[in-house]
Structure formats: structure tokens, C-alpha cells
Amino acid sequence: MRRTVFNEDHEAFRETIRAFIEAEVVPVYDEWFAAGQAPRDFYYKLGELGIFGINVPEEFGGAGLETHKFEAVLYEETARAGVQFGGSGVHVLLALPYIKMLATDEQKKRYLPKFVTGEEMWAIAMTEPGTGSDLAGMKSTARLSEDGTHYVLNGAKTFITGGVHADRVIVCARTSAPTAEDRRHGISLFAVDTKSEGYSVGRKLDKLGLKTSDTAELAFVDVKVPVEDLLGEENKGFYYLGHNLASERWGIAFGAYAQAKAAVRFAKQYVQERTVFGKPVAHFQNTKFELAACQAEVDAAEAVADRATEALDAGELTPAEAASAKLFCTEVAHRVIDRCLQLHGGYGYMNEYPIARLYADNRVNRIYGGTSEIMKTIIAKDMGL
């Protein structure tokens, strides 16, 4: 079936990204993997390439486009090469929508030009130790000073992707207590400058996968946040957070599909080159059947991912549809990558092979952005169950 989601501009972008990855990422990726993060100056290169500005209005230095299809190409090309772009995905996929949706004109003039160039890398801090997905249970507080010029931020966050290199972090904190009727009330969002006194980065967390993506614990001790860095209205943060879940879940779904597609590519190449009992592994019927079954699943995931992309660009992707896409694509990727690793035999367990890294990277897809169980709950509710 002919794929119709991408046009000539997307394919030209694909060629540029593929060449960039081969020249700037592949030769040094093992060093990033060992260090547990991409170097800070790499993000300046992404800024120069224009990746951060695709969906940023032209007046702030961006391309002014309103599409996620270039992000989709990035997912496919990084997966194809078996690499990650560090924590930069959060910068664009998660942080940017909040800036565009909530920032005032004055804030956009301050934030977006540096966002586009990579001079200021952004992250978002929601999860707290002990609360997990229960955002309404967060304990971090931001109290307005007596003179009304700033908030005083106190608390801690964990699992913050991009948290080590971030220059600004969208921090969720309580500005008032929850009400008896609504425990989600009272949360606000702040664009916190990480150079602020009292702001500190704790442990860089040692994850199972996504090794080049810096993930950290953050702590705030009497951090002064100017009122000019409040995003949106006070106490409405929880509702803002829900607004961008569809695009976040689309990103996870498309990324998982891209990983599954890459896994089949890695496995196909390996079984054609690897010889067992005097024959290529690809010669055996079991190998052919396994890869054929994997390819069929990838074809189905591609169709789901492409349909979700078109719906997202049209502003029509519903929460239930996003949940369905995430559930399906991440579960497909889980099965496909596992089977492709099996075809590698013992070498599939070695980190020098991209399938091993892909296996570890993929596991979190069924957890973050809402677990598979949460996705099923959302879908069932939409079904009237």
C-alpha cells in the first residue's frame, strides 16, 4: 500500500536528518551511551539545523508550521539509526505546546527565540517522589510573596527527562490547597530559570534504557520565581496538563511504531549475514515466518500511527483515539522487538548491537505518558463501559 502521510518536503527533511545522524551522531553515540547523556553543545547543532523551530511562529525565529509530521520523520530516522537525540524530544513535544498555549506575548518574546536556537533547553517537571501518576497529590508549593512580585517555590520532582541540561523547566506546584469537591484544584505552572538560587539538580538517574537521555531529580528550596514566569492562570495547571495529553501520547505511539520498524530492519540484516550450520539464518523457515509475522504487525502499526498523525494535525485526535494508538503501537513494538532480539541469539543481548539498546529503550513506552492499563481504562470509558 502506498503511504500518503508524507510529501516531498518531509522526504527532503528526511534526507537532511539521515545525513546529519550519520555525520554527527553515529560516530560518537557510544560515547554518549557510556556517559549517560548527550553533550550540551549537541543541542546547539539541533538548533542550527532548525529542528527546534519547526512549529514556532516566524516572528520568534521559527518556521511557523503547524504540523507534527516532521517530528514523525525524526522518530523514524533516529530509530532507523539506533540512536536517540538525548533529552531534546521533551523540549519540542512536551514543553513547546505549553509555551504556545499559555505564554503571553511578552513571555513568548523572552522564551521562544532562545528556545529555537537551543540556547535555552526546556523540560517539564510533574512527577514527584511517592506520587507517580497521581498529579493531584503533588506536594510542591509556590506561595506568592507579600509584595506580590514573586512566588517562593519549595518541593522536589523526579523522573525529569532533560533535567540535567535544562535551562528552564515548567514546574507544576500548588499555589492553593485542593477543595473538598476537586482535589485537582490549586495547581499552577511556572517557567523556572534553572540558574535561580535554591534550584538544584540531584541524581542523574540510571535508567534501564534511553541511556543518552538525561533524567534527573530536582529540588527547590525557597526558589524565587518572578510572577512574570507564571504560565497561564493561577490554580488551573491541572487542566492545562490534560490539554496536551493527546499529542504526548501520539508521540509515544509513533515513536514505538518507528522502533518496531527499525527492529525488523536490524533483524533482517543480521539473519542475512549470520551463518549457522553452514547456512544464513535467513534460510530457515522459522526465521522467515517470524520476520513475516513481525512485518505484518509493523504494517498495521504504521497505519494506526499515520492515521493518528493526520488526525492530530487536523486538530481532531480525541483522547480515546490517542490512547488507542498508544496502546496498540506500544504493545506491537513490545512483541516485535522481543522477537527480533530472539533472532539475534546471544548477540541480541549485547549492547554493542542496536537491537539490545532498542529493547531497553522501548520498555518505557508502555509506562510513561500513561500506562497501558490507563489507556485501556480511557478506551473502555469512551466505549460507554
Side-chain angles (χ1 to χ4, degrees), residues 10-11 13-52 54 68-94 118 121 123 161-162 164-165 204-215 251-270 298 305 329-330 333-334 336-337 340-341 344 347-365 368:
H10 303 124
E11 295 306 329
F13 179 71
R14 184 188 303 280
E15 292 181 11
T16 299
I17 292 300
R18 188 172 295 183
F20 174 81
I21 290 172
E22 288 299 320
E24 300 288 344
V25 182
V26 172
V28 294
Y29 195 71
D30 286 345
E31 297 173 18
W32 297 5
F33 190 85
Q37 62 187 31
R40 178 62 179 84
D41 61 3
F42 174 68
Y43 299 135
Y44 292 110
K45 293 181 180 180
L46 294 181
E48 292 172 3
L49 199 59
I51 287 175
F52 296 150
I54 293 171
H68 289 79
K69 292 182 179 180
F70 292 97
E71 291 174 59
V73 171
L74 278 174
Y75 284 126
E76 290 187 334
E77 290 305 307
T78 51
R80 179 184 182 276
V83 302
Q84 298 278 338
F85 278 1
S88 64
V90 168
H91 184 69
V92 174
L93 183 64
L94 298 188
M121 292 300 296
T161 303
V164 175
H165 285 319
K204 181 167 71 69
L205 301 175
D206 184 16
K207 306 184 299 297
L208 171 68
L210 301 178
K211 290 290 189 178
T212 65
S213 173
D214 54 301
T215 303
I252 297 169
F254 203 99
Y257 140 70
Q259 290 176 324
K261 182 177 182 179
V264 172
R265 176 175 178 267
F266 296 144
K268 179 181 175 182
Q269 181 179 6
Y270 179 82
V298 168
C329 290
T330 58
H334 163 64
V336 167
I337 295 170
C340 288
L341 186 150
H344 281 71
Y347 289 103
Y349 205 65
M350 301 296 113
N351 274 326
E352 64 185 276
Y353 283 79
I355 192 68
R357 299 179 183 185
L358 194 59
Y359 183 87
D361 290 347
N362 173 261
R363 185 59 184 88
V364 76
N365 288 333
Y368 66 5

Shortest non-hydrogen contact between [X] and [Y], atoms and distance:
X: Gln84; Y: Tyr29; value: N-OH, 3.0 Å
X: Glu24; Y: Val28; value: O-CG2, 3.5 Å
X: Ala260; Y: Ala333; value: CB-CA, 3.9 Å
X: Ala263; Y: Cys340; value: O-SG, 3.5 Å
X: Gly87; Y: Tyr43; value: N-OH, 2.8 Å

* Are any of the side-chain heavy atoms of Asn365 and Gln259 separated by less than 4.5 Å? ->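 A side-chain contact under 4.5 Å exists here.
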
* Between Tyr359 and Tyr349, is the gap from one ring center to the other below 6.0 Å? ->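 No; Tyr349 has its ring centre 6.0 Å or more from that of Tyr359.
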
Without swapping roles, check the side chain of [X] against the backbone of [Y] for a donor-acceptor pair under 3.5 Å.
X: Lys207; Y: Ser213; value: yes
X: Asp214; Y: His165; value: yes
X: Lys45; Y: Asp41; value: no

Do the rings of [X] and [Y] sit parallel, tilted or perpendicular, given the 30° and 60° boundaries?
X: Tyr257; Y: Phe254; result: perpendicular
X: Phe85; Y: Phe42; result: perpendicular
X: Tyr270; Y: Tyr347; result: tilted

* Should we say atom NZ of Lys268 is surrounded by more than 12 heavy atoms from elsewhere, each under 6.0 Å from it? -> no

* Asked: What distance do Tyr353 atom OH and Phe266 atom CZ have between them, rounded to the nearest 0.5 Å?
  -> 13.0 Å

* Give the C-alpha distance, both sets of side-chain angles, the deciding distance and a yes or no for side-chain contact (heavy atoms from CB on, under 4.5 Å) between Ile51 and Ile17. => CA-CA 9 Å; Ile51 287 175; Ile17 292 300; 3.7 Å; yes

* salt bridge (Lys or Arg N to Asp or Glu O under 4.0 Å) between Glu11 and Arg14: does it pass, once the steps are laid out? -> CA-CA 5 Å; Glu11 295 306 329; Arg14 184 188 303 280; 2.9 Å; yes

* Is the shortest side-chain N to carboxylate O distance from Asp30 to Arg357 below 4.0 Å? ->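 Answer for the salt bridge query: yes.
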
